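First the proteins, then the strands, lettered A, B, ... as listed; each starts at 1. This structure is a prediction, so every number in the text was calculated from the model and none was measured.
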Amino acid sequence: MASAADVRSILSLPAVSSSAAGPSQPKKQAASSTRKPEGISRELYSLIGPSAPTIAAQLAKPRLKQKPNFGGGGKVKWEWRSFKNAARSDSLELGHWVKATDSPNTDYKFAKYNVQPTTYEWSQDEYSRYLEDSQWTKEETEYFFKLAHNYDLRWYIIHDRYEYPNGPKRELEDLKDRYYSVCRKLVRNRTWAGDEASKGQLMNSFQYDKEKETLRRKYVSSLANRTPEQIQEEEALYIEIKRLEQNERQFKRDRENLLRTIAGIDSGLPDVVEDDATLIIADPKKKKLKGIDIDIPQTPVLTAPVMKRPPTLNKNAVYDATHCIIRNDPPPTTPATKVAHTPAYLRSFKIPYPKAATAAKVNALLTEVGVSNSRLVMPTVTNCQLLESVIDAATNLVELKKVLDKVNLDIEILKNRLDLREDGGDGASVGDAMDIEDRGETAEPEGENERSQSVMSARSTRSRKHTRRSMSISSVDTTAATSTRPGTKRQKRM
Amino acid sequence: MANAERVRVRGLSIFRPIIWGNSATLLTREEREKVPAEHTHKWTVAVRSATSAPGSDIVGGADDLSHFLKRVSFKLHETYPNPMRNIDKPPFEVSETGWGEFEVHIKLFFVPESGEKAITIYHHLKLHPWSLSGEPDSVPPLEVAQKAGPIHSWQYDEVVFNDPYQNFLTILTNNPPTPLPHAKTNGRTVPFHHANPTSLEASKGGVPEFTVLMEKDEAERLEKGKKAIIAEQEKTRAMLIAREKELERLQKMLNG
């Protein structure tokens, strides 16, 4: 048994002098003082001696993977700074910890994530034309759209907060359906600035089938709400089905082999019809096997037309272009009725022309934009179509302006009536209102005003002269009207 | 088999690009001695294929159109002897001398295999140099006219055949048209057209030629116009919506 003194002598440790220490401390001291061999074993040290080259020591040290140095090694200074969020409408200033080295003027880096979906607004005219619905009143639709915009089209929140007084109960699918159908109708019926492809993409994004969606969500929720017993039952059924399938395949194989040995190769017995359920669940390997079984007699016929079709389509496009052929789909009712033959014509005869009612204004608009209204330099198919779309857009614009004018007129009349009420019955201003109407009609452009915008402003400046009383109320007409003051209205150009 | 001739290919229309119009030059001193005294110009009115043959000095005419054009008749002004000029073989054109501009009635007769009726075009014969502001009655003096060089007035067009008969279709596909060049060939100018007033400068002097560039250029102009109109539409619509709100507000004030 080694006593403390013996141990000390073995390790050639100096005699302990401190009295308060227990047995552990001297050992510790002893351990630390002679732990000179760092990284190399003690035996080696005692062989080599204290002048062991440090390289050896370092090499012997296990070179473990260095831990990555997070936090800058404790040398980075952080400071508390207040900042403004560009995405907020109020100028709330909050504070956060920022590295002292960061430049103080950079924008708040999360401001750019404040994306909002495009809002869709409509005019009364558009509503009555396209957006009427038997189950949605106009007010409810407006309430809904305001809500949808406030809540960023987050459907669950909208559905939860949706509370229209005296309205029917609206399910989530109802809301989505109404929203998407309104957007679709608006996009389809307004003239579109870009090309057809981008319009098609936008339309696709608004596809919403209410029936399918309701069904799908019901399925998903029932899937998520299965009880454990139901899950187990399903698993058991699944396993059984696979077993049955396997049996069936085995049976088929055996039968085929038997038939082959008895009746010769390719005896051609019709395959056993397997129902759709098994086809869907089959895993790839078995599917391939089944595929080979069924398709062998049919392969040479099937692949040929499939392969031929793509190359011939390409050839047709080039062929059509070189021969100037245009194909339209024949109308579906062709065979029975004898289609009257449209005679040959020159394409310049069929250049689209604006319809009579708005023709004058549309033509004026076209000349303003620099487009000829009746003749094309190169009347090709594409150019004719383009011209047609330009004329459409121009017609729409003219109609919009008409409606805008009417609304402006209504506003003026209403303002007058309000004045009437305030001033207690003054017949003169009513007469003024009638005046405005008449003058409004004659001020319709004959194409001699500089800009078609000035038409509207001309009338409103005129009306302003007569109903000066309403100027105190009017908060409108601050933009375009004020710039074209009287003097530009009726001047003839050239 | 008689049936094959009378079967129409449905759902298909095939067109051929052509140009029709006239070129005119002033008569030189020597030439004027051979013609009636008041004639000042010699002109040629023609119907040709749209693509110009390389190296030729006429507008268009690279392809022979007789595979679908049987005859072209030009009805000139009645002061001309035999005003009805029928041309039964290519080149489908009439050259004459004269002093005044008038309307030529051009009638295109198609080959019988097409089963199509004739088409009439009215072309205003252009003798005097183009001008933008359109003073129709002023005839520029001789020196100005001589400086301007030959005058061209051509219109690009496409003859469209709908649901052609099978054998006519074969005739047409056996004679595909030379496609229009994509870029301007050197030495040729751009044909002038009233629908594109900016081309006046580019059309002076030289022989004009129709190119795909012209088509693309026009398409661009149409697109630009459309975009401008749509931008205006958006503005008007936004204003309309704002006004309607205002109207509603006023109405509430009135009723409430």
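The contact between B:I229 and chain A is made by backbone and side chain atoms together, counting heavy-atom distances below 4.5 Å. Looking at B:I19, neither its backbone nor its side chain comes within 4.5 Å of chain A, counting heavy atoms on both sides. The parts of B:P177 that come within reach of chain A are both its backbone and its side chain, each placing non-hydrogen atoms under 4.5 angstrom from that chain. Only the side chain of A:T382 has a heavy atom closer than 4.5 Å to any heavy atom of chain B. At a 4.5 Å heavy-atom cutoff, the contact between B:E116 and chain A is made by side-chain atoms alone. Proximity to chain A (any heavy atom under 4.5 Å) is shown, for B:L240, by both the backbone and the side chain. Only the side chain of B:Q155 comes within less than 4.5 Å of a heavy atom of chain A; its backbone N, CA, C and O stay farther away. Heavy atoms closer than 4.5 Å to chain A are found in the side chain of B:K245, but not in its backbone. Of the two parts of B:P164, neither the backbone nor the side chain holds a non-hydrogen atom closer than 4.5 Å to a non-hydrogen atom of chain A.
Residue with the most contacts toward chain B among A:A394, A:S123, A:P343, A:S389: A:S123 (heavy-atom pairs, distance under 4.5 Å).
Not counting sequence neighbours, the partners of B:N22 by the side chain to side chain donor-acceptor pair (under 3.5 Å) test are B:H123.
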Apply side chain to side chain contact (heavy atoms under 4.5 Å, CB included) to residues A:V377 and B:R221 and explain how you reach the verdict. CA-CA 11 Å; A:V377 178; B:R221 273 183 297 121; 3.9 Å; yes
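Within residues 102-112 of chain B, the residues approaching chain A closer than 4.5 Å by heavy atoms are, in numerical order, B:F110.
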